[in-house]
Protein chains: 2
Amino acid sequence: MAQSNRDRTSRRAIYLKLRQMVLTLELAPGAALSENELAASLGVSRTPVRESLILLSQEGLVQVFPKIGSFVSRVDPAQVADAQFLREAVELASLDDLPADLDAEVVGELRGNLERQRHADLGLEEFFELDEAFHQGLMRLSGHGNVWTNVAAAKGHLDRARRLGLHENVSPAVFAVQHHEIFEAVVGGDVPLARAAMRTHLRAVFSDIERIRAHSPELFASGPSTVPVRRNVVVWE
Amino acid sequence: MAQSNRDRTSRRAIYLKLRQMVLTLELAPGAALSENELAASLGVSRTPVRESLILLSQEGLVQVFPKIGSFVSRVDPAQVADAQFLREAVELASLDDLPADLDAEVVGELRGNLERQRHADLGLEEFFELDEAFHQGLMRLSGHGNVWTNVAAAKGHLDRARRLGLHENVSPAVFAVQHHEIFEAVVGGDVPLARAAMRTHLRAVFSDIERIRAHSPELFASGPSTVPVRRNVVVWE
DNA sequence: CGACAGATGCTTGTATACAAGTACTGGACG
DNA sequence: CGTCCAGTACTTGTATACAAGCATCTGTCG
């Protein structure tokens, strides 16, 4: 499961770093990216930076316009909805495939995960990390752990929308409680209850997005195809 | 929907061409790829070829081993099963979201598609093209047409396994009939029937794979991590 | 003052050169 | 004849150079 020792290439490190920065909104939606600037600030050449941007571009997190520039994708409500639909379909279907006796080790992991979610002084990113591990763990229970990779690759826009939502005012505590409810239904073997709890949970996560969009429209894509705008070139000196 | 005029880069053309060749088995699973050879045969430099291989690598269709070589991925039964689970979950959930009155234009497209599927002298690749358009069309009916992109990106191994199966002896006619049954249930507004027909169809597609695996094991991945082997270097001259 | 046109500096796309590492090959040696 | 070791040819990763295009700025002209 661990990555091979060989692929410690700088491209991979840069790709992961940029991806993290985009998902955590450290790189804001709509921000201009320059291969040259990134390369200089990271201390490498354009090549690994460029290849990373191409990968992020395929994930929809970055848009590259030839001869114009590269930009962090604005959060696209359509893609958010698509990701929501996909994850809900997959996670609910996964619950149907839960075996009679669950993998004790994974159950233990999930229990510890939920325990940590209870801590009140939990930072946003720490919570998201636990949230991610929790949902993936549930899918591992039904033998579909690797499918989470596909879900994760598709839900970049959804993740950013969630962070926008939680940056506002909502506390993660509500979601932690919902996680607990889902978990109890799963270990209790009550699949219909687990499905209902999961659906409620995922839709609660989704419901805030329109509110956020009204609040910060500049972070979202407006038209069907956003027109790129070269940023003003300001030279210091 | 059409791609911008600007991104007619050679990278995109090469990426699409290589992807097609991998999916149609024109490039056999396990085959060694060389960035230099591909570049030479395509009349371009390594750069666009390399970037295409990186994209295919992220899709799981190609494996790149630094300093060793690049190879067409062997068909991984685990990834086939994962893709089957994902597409089934998504396509069944999509049927639940069918609106009361269907988009007449899309319905017309699907009808024409099914008509063409009936032609007995249908080549394998032509059938696959129609099959792909049919399933995507169904998802467009329920407003989830763009999610098909995510499904398509995840089911490369499944597609190759299907082609291995159909190369053997099975006729596409059976699947055409199943498509018709699904379509009739959809236009008839009978969602449960549509779901049942869809599930039967998708599982029929899936069921042949183990047989194929027994017949041509060298095309499938065996262990958890396949060890790459540099091919013998044969120099003519 | 306004408008048009060219210079300029940025952007990404492609080509090429070099670096680092692997595996086979061939020969020397025990 | 077997074994070890160095050479060699290939691989991908990274750095750099050049090509082509867009947007802004600026100077000139009406």
Rounded to whole Å, please give me the gap between CZ in B:R11 and P in C:dT12. 12 Å
Distance test, side-chain N/O of B:S70 to OP1/OP2 of D:dT12, below 4.0 Å: yes
B:V64 has its side chain closest, among C:dG13, D:dT12, D:dC22, to D:dT12
Give the rounded distance in Å between these two atoms: CG of B:L33 and P of D:dT11. 11 Å
Any side-chain N or O of A:S10 below 4.0 angstrom from OP1/OP2 of D:dT14? yes
Between P of C:dA17 and CZ of B:R50, the distance in whole Å: 17 Å
It should be established whether B:S45 places a side-chain nitrogen or oxygen under 4.0 Å from OP1 or OP2 of nucleotide C:dA15. yes
Are B:W148 and B:R140 side-chain neighbours, meaning at least one heavy-atom pair lies under 4.5 Å? no
Steps toward side-chain hydrogen bond (donor to acceptor under 3.5 Å, both in side chains) verdict (B:N113, B:H179): CA-CA 10 Å; B:N113 184 308; B:H179 285 163; 5.9 Å; no
Pairing of A:K17 and A:E26 as salt bridge, 4.0 angstrom limit: no
Does D:dT11 have OP1 or OP2 under 4.0 Å away from a side-chain N or O of B:S34? yes
Between D:dT11, D:dA17, D:dA15, which nucleotide has the shortest distance from any of its atoms to the side chain of A:R46? D:dA17
B:E37 CD to D:dC10 C1': how many Å, rounded? 10 Å
Sort out for me which residue in A:L56, A:I54, A:L33, A:V49 forms a side chain to side chain contact (heavy atoms under 4.5 Å, CB included) with A:S70. A:L33
Atom CD1 of B:I14 and atom C1' of C:dG13: how far apart are they, to the nearest Å? 12 Å
Look at the side-chain N and O atoms of A:T9 and state whether any lies under 4.0 Å from the OP1 or OP2 oxygen of D:dT14. yes
Atom CD of A:E35 and atom P of D:dT16: how far apart are they, to the nearest Å? 15 Å
Is any side-chain N or O of B:N36 closer than 4.0 Å to OP1 or OP2 of D:dC10? no
